[in-house]
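All remarks here apply to the structure that follows.
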Amino acid sequence: MYIYDSVKKTKLPFEPIKEGEVSIYVCGPTVYDDAHLGHARSSLAFDLLSRTLKALGYKVTMAKNFTDIDDKIIKKVEETGKSMEEITSFYIERYLEEMQALGVQRADLEPKATESLHAIESMIQKLVDKDCAYIANSGDVYFDTSKDPHYGEISHRVAEDEDALSRVEHTDEKRNPKDFALWKACKGNDDICFDAPFSSGRPGWHIECSAMIEKYFKGSSQYSIDIHGGGADLLFPHHENEAAQSRCVTGHELAKYWMHNGFVQINGEKMSKSLGNSFFLKDALKVYDGEILRYYLNSVHYRNDFNFNEEDLLTAKKRLDKLYRLKKRVSPGKGSVVNKAFKKALLDAMSDDLNISIALAAIDEMVANTNDALDANPKNKALKKETLANIEFIDTLLGFGSKEPFTYFQIGVDEALKEKIETLLAERTTAKKAKNFERSDAIRDELIAMGISIMDTADGTVWEKA
RNA sequence: GGAACCAUCGCCAAGUUGGUAAGGCUGCAGCCUGCAAAGCUGCCAUUCGCCGGUUCGAGUCCGGCUGGUUCCUCCA
């Protein structure tokens, strides 16, 4: 396995801290609103990582946190009058449902900030004790970046000059503009606060990840975890700050490898509410099946920018359709053993920093070769069974292809429409037998107008929803 | 103002020890079909934003330019 380390900026052979085991921590969402396509992409990227490592034989432990204390959540509490718990549990549930629709496997650990307060407080206390942090008059606790000689090495901002245009917030409380809040003291009665030795207040954003990692992973004398992941935007300041905190407390680096996924744009434009482009995952799921969205969002390498648009999505669907048409040809039945060369091709591709493009090309090749062989010998049972096993492996490794093929091609067709289609097809078959091609072609045109394409096969006419 | 990343066929997209451009969609031709669809076969970048440099050789390394994105503030 090779992984591109976004801190070292190079592709490296993956060597876990502990032989055969991998610890991964991915920064999860702040649960104050619905998940958008960016969350989906990140989730999908690390799902692919986890599946690949598992397929390579590693025992994977993945943690993905939920930030459930935050300014934006508190703002939502004020706006809606609902409790913080109501809001966060609602969005956590939604997030998990939507990710499930995308075929994302659940993380082994899903810690919440509110359930990790003890670990957070004790880590802050250690930072204060070690003189890496200081308590301001207000009760805020800040991390003292000047105490960390390695501060800036994660995001490569070591000698950055603080010119007047730096947009870092200047607070009198901070000794250094780069210092960041570990703990925010209570702002008043409307604020949501927790008791702590330093003051009543709540954790800053960065501390929870460091605290959770120390709480849940054992690590080694050099690193706390193998891989730390998240969106590219988190590299600075979030991961820089996490790394600094952990270094001060543990005396070693937080993660051996850092991975960051690229951004999603919509039709070439930045994804944002103000632009009014629909970017919520729930909206996309209303129109497209989760499996198709998964295939599409994973079809571009995780580190590249992703420009989401309907045309490309439909192209991706066409590619997935071909896999399912092959599955239709080899179903029903039970899979035997995966073709060795095919399995190796997929694993080799994914082992190269998750090179999904090569993997998808290998699938296309397998599909074409199998169709070809089946054209020559339609009754090749052994090949059919092997093909089913191949498709099962695709599902295990990449998370698509598991549906029953006829079901796949009928997504979005209700019973009434299905009945109408069957009636029309019966009439068409009769017309065809009577060589009334004018009528049978008219029926076909009618079906096409309904978004239904048909294929005459040796076993009768089959149809697909476009 | 500072910094990073990216720029490959009409569209999407691979391509890291530099060695002579994967794959998909579209299109065209053919097989199959009553005709289609599906499937299969063949064809479709002497060229990788532009200009220089290094090299026997560069999409791949170096410098400059242009264009796009991102970070420096909450953000996947």
Side-chain angles (χ1 to χ4, degrees), chain A residues 2 4 6 9-11 26-30 32-33 35-46 67 70-72 75 155-157 159-169 178 205 229-238 240 260-265 268-272 296 299-307 309 311-322 325-326 328-329 349 352-353 355-365 367-376 378 432 435-438 440-441 444-445 447-448 453-457 461-464:
Chain A
Y2 283 80
Y4 181 88
S6 39
K9 296 191 180 187
T10 182
K11 203 188 278 184
V26 180
C27 288
T30 300
Y32 71 102
D33 204 349
H36 56 237
L37 293 169
H39 292 111
R41 165 115 119 133
S42 179
S43 209
L44 248 10
F46 291 103
T67 300
D70 170 88
D71 289 351
K72 289 189 289 282
K75 193 171 163 223
S155 56
H156 304 282
R157 281 158 210 268
E160 194 188 20
D161 44 334
E162 269 123 50
D163 48 52
L165 282 158
S166 171
R167 287 181 283 172
V168 176
E169 186 188 351
K178 284 191 163 15
W205 177 37
D233 52 330
L234 298 180
L235 192 55
F236 189 87
H238 189 51
E240 187 71 61
H260 292 90
N261 64 274
F263 265 56
V264 177
Q265 288 180 271
E269 285 184 58
K270 184 180 172 145
M271 196 166 66
S272 80
Y296 175 50
S299 67
V300 176
H301 186 86
Y302 76 93
R303 272 190 283 123
N304 288 164
D305 285 336
F306 190 104
N307 182 21
N309 68 77
E311 195 187 330
D312 291 346
L313 186 149
L314 262 19
T315 298
K317 180 188 178 299
K318 282 183 186 174
R319 227 174 155 180
L320 219 208
D321 286 351
K322 292 175 88 163
R325 284 198 195 100
L326 175 63
K328 198 155 66 174
R329 274 188 99 170
D352 184 14
D353 193 37
N355 193 327
I356 189 81
S357 292
I358 300 288
L360 295 181
I363 292 172
D364 290 333
E365 194 190 341
V367 170
N369 289 343
T370 310
N371 272 320
D372 199 17
L374 251 23
D375 284 349
K432 269 185 66 178
K435 302 248 189 265
N436 183 355
F437 295 125
E438 202 178 318
S440 68
D441 289 353
R444 180 167 63 201
D445 290 343
L447 285 163
I448 287 169
S453 51
I454 62 171
M455 290 131 221
D456 292 327
T457 74
T461 304
V462 294
W463 60 272
E464 293 178 1

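So you know, we letter chains A, B, ... as the sequences are listed, proteins then strands, and number each from 1.
Counting non-hydrogen atoms under 4.0 angstrom, A/G38 reaches a base of the nucleic acid. Here A/V462 lies out of heavy-atom contact (under 4.0 Å) with every strand. Residue contacts shown for A/N355 are limited to sugar-phosphate atoms, with no base heavy atom under 4.0 Å away. Using a 4.0 Å heavy-atom distance criterion, A/K432 is classed as a base contact. Across all strands shown, A/D441 has heavy atoms under 4.0 Å from base atoms, whether or not it also approaches the sugar-phosphate. A/S357 comes within 4.0 angstrom of a nucleotide base, judged by non-hydrogen atoms across all strands. The residue A/S440 sits close to a base: some heavy atom pair falls under 4.0 Å. Using a 4.0 Å heavy-atom criterion, one finds that A/H260 contacts no nucleic acid atom at all. Residue-level contact check: A/E464 touches neither bases nor backbone, having no heavy atom under 4.0 Å from any strand. Contact annotation for A/R329: backbone-only contact, meaning every heavy-atom pair under 4.0 Å involves sugar-phosphate atoms and none involves a base. As judged by a 4.0 angstrom heavy-atom cut-off over every strand, A/K318 is placed among residues touching the sugar-phosphate backbone only. Across all strands, A/A368 comes closer than 4.0 Å only to sugar-phosphate atoms, never to a base (heavy-atom distances). Base engagement by A/I454 is indicated by at least one non-hydrogen atom pair under 4.0 Å involving a base atom.
In this structure, A/I448 atom CD1 and B/A38 atom P are separated by 10 Å, rounded to whole Å. A/L313 has its CG atom 12 Å from the C1' atom of B/C12, to the nearest Å. In this structure, A/F306 atom CZ and B/C11 atom C1' are separated by 14 Å, rounded to whole Å. The CG-C1' distance, from A/L374 to B/A38, rounds to 13 Å in whole Å. Rounded to whole angstrom, the span from the CG atom of A/N369 across to the P atom of B/G24 amounts to 11 Å. If you measure from atom CG of A/D321 to atom C1' of B/G24, you get 13 Å, rounded to the nearest angstrom. Note: CG (A/D305) to P (B/C12) measures 13 Å, nearest angstrom.
In this structure, A/N371 reaches the B/C40 phosphate: one of its side-chain N or O atoms is under 4.0 Å from OP1 or OP2. For A/K322, a side-chain nitrogen or oxygen approaches OP1 or OP2 of B/C25 to under 4.0 Å. The shortest distance between the side-chain N/O atoms of A/R319 and the OP1/OP2 oxygens of B/G23 is not below 4.0 Å.
Classification of A/D375 and A/R329 as a salt-bridged pair holds, one side-chain N sitting under 4.0 Å from a carboxylate O. A salt bridge is defined here as a Lys NZ or Arg NE, NH1 or NH2 lying under 4.0 Å from an Asp or Glu carboxylate O, and A/E464 with A/K328 meets this definition. Using a cutoff of 4.0 Å between basic side-chain nitrogens and carboxylate oxygens, A/D70 and A/K75 are not scored as salt-bridged.
You'll find that the side chain of A/T315 is closest to B/C25, out of B/A13, B/C25, B/G34.
Annotation for A/Y2: atom OH does not count as buried by contact number, only 12 or fewer foreign heavy atoms lying within 6.0 Å.
Scanning all heavy atoms of the two residues, the minimum distance from A/N309 to A/Y296 falls at N-OH, 3.0 Å.
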